[in-house]
Amino acid sequence: MDEHPPGDSPLIRFENVGLRYGLGPEILRDVSFAIGQRSFQYVTGPSGAGKTSLLRLLFLSLRPTRGLVEIFGQDAATAARPSVQVLRRRIGIVFQDFRLLEHLTTYENVALPLRVLGQAESTYRNDVMELLEWVGLGDKMWVHPPVLSGGEKQRAAIARAVITRPEILLADEPTGNVDPPLARRLLRLFIELNRLGTSIVIATHDLALMDQYDARRLILNAGAIEVHDV
């Protein structure tokens, strides 16, 4: 079940995790798996199976109702807020709705995480511009999000998520709003990021996408999980 080389600690470990909202039924139950360094996996399952909830646990925006969620060796349930903030800086996330700020240019949106960290623009300007060129947005870096197509917004959101060079990248249905050719292009982008060292977790119901790149599958169904290794 643990997908990581011998001697290396997993980046993330779930043991018998359960999650419920309020007094409702468990959304996730007895979920156990580990995510290794430089790994690639899909989280899949039918609509309502708990994929987004699982990503929220991975990003530490939710805490488990029961069980152990260990991120970079720390117990997520007991980590203090300052520790959670430090851990989340090591994780990039691409939301379904992109969450670009419309009053900022593409360049400014992608650079925002570095500005928040207090870095001077002179230290990151070239990196941001090179990354935008790499994702095919070199000619759109000075426009605002309303001018961008859905696929361009998606690529901007991915660039923003990886500009800090996270150890883990989480992507929630990253190809859900794009046509098949662009979906393949985005998948190649994730594959290249993985080759550069980032562990990738893609939540998707797109079977055609998963068939294009053979990777580990974490299959959610009725709150439970099955791990299908490559």
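Everything numeric in this text was worked out from a predicted model, so none of it was measured.
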Determine, step by step, whether Ile93 and Leu169 satisfy the side-chain contact (heavy atoms from CB on, under 4.5 Å) criterion, reporting the C-alpha distance in whole Å, the side-chain angles of both residues, the deciding distance to 0.1 Å, and the verdict. CA-CA 6 Å; Ile93 187 164; Leu169 177 64; 6.0 Å; no

Parallel under 30°, tilted from 30 to 60°, perpendicular over 60°: which one fits the rings of Tyr107 and Tyr124? tilted

Ile158 reachable from Leu112 in the ILVMFWY side-chain graph, under 4.5 Å edges: no

Would you check, one step at a time, whether the test salt bridge (Lys or Arg N to Asp or Glu O under 4.0 Å) holds for Arg115 with Glu121? CA-CA 7 Å; Arg115 284 183 55 194; Glu121 185 181 7; over 6 Å; no

Give a yes or no on whether the backbone of Gly36 and the side-chain of Ser199 come within a donor-acceptor separation of less than 3.5 Å. yes

Are Leu54 and Leu19 packed together at the side-chain level, in the sense that at least one heavy-atom pair is separated by less than 4.5 angstrom? no

Passes salt bridge (Lys or Arg N to Asp or Glu O under 4.0 Å), Asp30 versus Arg66? Steps please. CA-CA 9 Å; Asp30 299 319; Arg66 62 182 177 87; 3.0 Å; yes

Aromatic contact between Phe190 and Phe40, with the criterion being ring centroids under 6.0 Å apart: yes or no? no

I would like to know whether Arg217 and Asp211 meet salt bridge (Lys or Arg N to Asp or Glu O under 4.0 Å); could you show each step before the answer? CA-CA 11 Å; Arg217 298 187 185 189; Asp211 287 343; 3.2 Å; yes

Candidate pair Ser53 and Tyr21, rule side chain to side chain donor-acceptor pair (under 3.5 Å), full reasoning: CA-CA 10 Å; Ser53 293; Tyr21 295 102; 2.8 Å; yes

Would you say Ile200 and Leu170 make side-chain contact, with heavy atoms under 4.5 Å? no

Nearest heavy-atom neighbours spanning Glu152 and Leu137: O-CD1, 3.6 Å

Going by atom types alone, do Glu102 and His144 pair a side-chain donor with an acceptor below 3.5 Å? no

Should Thr44 and Met210 count as side-chain neighbours, where that means a heavy-atom distance under 4.5 Å? yes

Under the side chain to side chain donor-acceptor pair (under 3.5 Å) rule, what do Gln41 and Ser39 come out as? Steps first, then yes or no, please. CA-CA 7 Å; Gln41 44 268 304; Ser39 62; 3.1 Å; yes

Going by an N to O cut-off under 4.0 Å, is there a salt bridge joining Asp172 and Arg56? no

Side chains of Val201 and Leu58, heavy atoms from C-beta outward: is any pair under 4.5 Å? yes

Determine whether a donor-acceptor pair (N or O, by modelled atom type, separation under 3.5 Å) exists between the side chain of Thr106 and the backbone of Trp142. no

How far apart are the closest heavy atoms of Ser32 and Asn16, and which atoms are they? OG-N, 2.8 Å

